[in-house]
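Inspection log for the structure reproduced underneath, given as structure tokens.
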Amino acid sequence: MLVVEDDPILGEMLTLYLEEERFEVLKAVTAADAFASLSSFKPNAIILDLMLPDTDGSTLCAAFRERTDVPIIVTSMKSAVADRIRAISSGADDYLTKPYSVQELKARLMAVLRRVPPSSAVERPERPSVRLSLDMERRLILLEGRPIETTFSEFEMMKLFTQNPGRVFKREELLHSVRGIDSFVNERAVDVHITNLRRKIESNSKTPQHIKTVWGVGYKFIP
């Protein structure tokens, strides 16, 4: 079990409780430590605080989801529907509002573990890529020769990606490329466009092989 919690008292309480329930627990207080731990520690679930000192928890959740299929339970003081939707859209399996009881956490944890086969605890293997190109005249994405309709913003973003393979773009860079530097569109709109593009071009949008999240920075395109 990986517990990502920057509150030392709550983090210690969760660790002790889960160890009493016979879970092997690794505790992390920053997003950087949590993400780095996946290279050596293979948790069967992740309990992720949404408010971390070095990054937004939803961004870390999305990065986790690209590395592993294990269940992720997000915990947060935020109770707004928009915050719940954002966390679930980033790959969380459940959302628990603070303060909560450890008994409720255990019940939710056991519920998500029952839905996930044991093999999901290992890192995902790379999936074969598909051939992808752009038809500039018709403003279409061609996936194995099959045309994919896109919005104006999606196509412009994809054009920028394909012209700069491997380059890491910050959200504000992608937003400016689509609407111009004086845009009033919120940067979170970029995440929506990325989600839609993944659904259209990836063989599995939850395990993207082309449009990759670069944790703490933004996105990059792998041809």
Side-chain angles (χ1 to χ4, degrees), residues 1-15 25-43 45-100 105 112 123-124 157 161 166-177 185-198 205-222:
M1 189 75 57
L2 176 59
V3 175
V4 189
E5 173 60 66
D6 66 332
D7 183 320
I9 296 177
L10 181 55
E12 186 64 23
M13 181 188 70
L14 286 176
T15 299
V25 181
L26 179 65
K27 182 174 62 175
V29 297
T30 67
D33 289 343
F35 193 72
S37 70
L38 288 187
S39 61
S40 57
F41 184 68
K42 309 301 179 187
I46 299 171
I47 299 172
L48 174 61
D49 180 23
L50 198 61
M51 302 297 290
L52 296 171
D54 53 343
T55 195
D56 172 73
S58 292
T59 301
L60 180 59
C61 184
F64 277 149
R65 186 51 71 217
E66 290 192 6
R67 287 281 301 274
T68 179
D69 273 326
V70 300
I72 300 174
I73 297 179
V74 164
T75 65
S76 176
M77 294 288 291
K78 298 180 178 180
S79 59
V81 173
D83 294 309
R84 294 172 178 269
I85 291 174
R86 183 182 170 198
I88 298 299
S89 299
S90 298
D93 296 274
D94 202 351
Y95 191 105
L96 192 57
T97 303
K98 296 179 180 179
Y100 57 83
L105 174 65
V112 295
E123 286 195 15
R124 296 169 169 173
M157 197 174 292
F161 276 140
R167 177 183 165 184
V168 179
F169 288 95
K170 295 180 180 179
R171 285 182 175 83
E172 56 265 30
E173 291 180 293
L174 292 171
L175 183 59
H176 293 164
S177 73
V185 182
N186 190 285
E187 286 179 13
R188 289 304 171 190
V190 170
D191 297 328
V192 175
H193 292 318
I194 293 295
T195 297
N196 290 337
L197 280 171
R198 283 172 170 167
S205 62
K206 293 185 178 181
T207 58
Q209 298 304 307
H210 290 296
I211 303 177
K212 295 279 194 177
T213 300
V214 180
W215 172 77
V217 183
Y219 300 98
K220 67 178 179 180
F221 176 72
I222 305 299

Name all residues meeting the side-chain hydrogen bond (donor to acceptor under 3.5 Å, both in side chains) criterion together with Thr213; count only those two or more places apart in sequence or in a different chain, and write none if there are none. Glu66, Arg198
Output for pair (Thr75 OG1, Leu14 CG), nearest 0.5 Å, gives 7.5 Å
All side-chain contact (heavy atoms from CB on, under 4.5 Å) counterparts of Ala63, not counting sequence neighbours: Phe35, Trp215
Under 3.5 Å, which donor-acceptor pairs do the side chains of residues 76-87 form with other protein atoms, sequence neighbours left out?
residue: Ser76; atom: OG; partner: Lys78; partner atom: N; Å: 2.9
residue: Arg84; atom: NH2; partner: Thr97; partner atom: OG1; Å: 2.7
residue: Arg86; atom: NH2; partner: Asp56; partner atom: OD2; Å: 2.7

Atom CG in Leu105, atom CG in Leu96: separation rounded to 0.5 Å? 6.0 Å
Heavy-atom closest pair (Thr15 atom, Gly11 atom, distance to 0.1 Å) is OG1-O, 2.8 Å
Return the set of residues passing side-chain contact (heavy atoms from CB on, under 4.5 Å) with Leu26 (not counting sequence neighbours), or none when no residue passes. Leu2, Ser37, Phe41
Going by heavy atoms in the side chains, are Ser58 and Leu50 under 4.5 Å from each other? yes
Taking the side chain as every heavy atom from C-beta outward, state whether Phe161 and Leu174 have any pair of such atoms under 4.5 Å apart. yes
Mind checking whether Val29 and Pro8 have side chains closer than 4.5 Å, heavy atoms only? no
With rounding to the nearest 0.5 Å, note down the distance linking CG in Asp7 to CG in Asp49. 8.0 Å
Heavy-atom closest pair, residues Ile88 and Asp94: CD1-N, 4.2 Å
Is a donor on one side and an acceptor on the other found under 3.5 Å between the side chain of Asp54 and the backbone of Ala32? yes
Taking all heavy atoms of Thr55 and all of Ala31, pick out the closest pair and write down the distance. CG2-CB, 3.1 Å
Does Val214 have any side-chain contact (heavy atoms from CB on, under 4.5 Å) partners at least two apart in sequence or in another chain, and if so, which? Val168, Val217, Lys220
Can you tell me how far the CZ atom of Arg167 sits from the CZ atom of Phe221, to the nearest 0.5 Å? 15.0 Å
Other residues, nucleotides, ligands: >12 heavy atoms within 6.0 Å of Met51 CE: no
Shortest non-hydrogen pair, Pro71 vs Val112, comes out as CB-CG2, 3.6 Å
Do you know the tightest heavy-atom contact between Met1 and Ile46? SD-N, 4.5 Å
So, the side chain of Asp93 versus the backbone of Ile72: is there a donor-acceptor pair under 3.5 Å, distance only? yes
So do Leu60 and Leu48 actually touch side chain to side chain, heavy atoms under 4.5 Å? yes
Output all residues satisfying salt bridge (Lys or Arg N to Asp or Glu O under 4.0 Å) with Lys170, sequence neighbours left out; order by chain, then residue number. none
Non-hydrogen side-chain atoms of Arg171 and Asp191 separated by less than 4.5 Å: yes
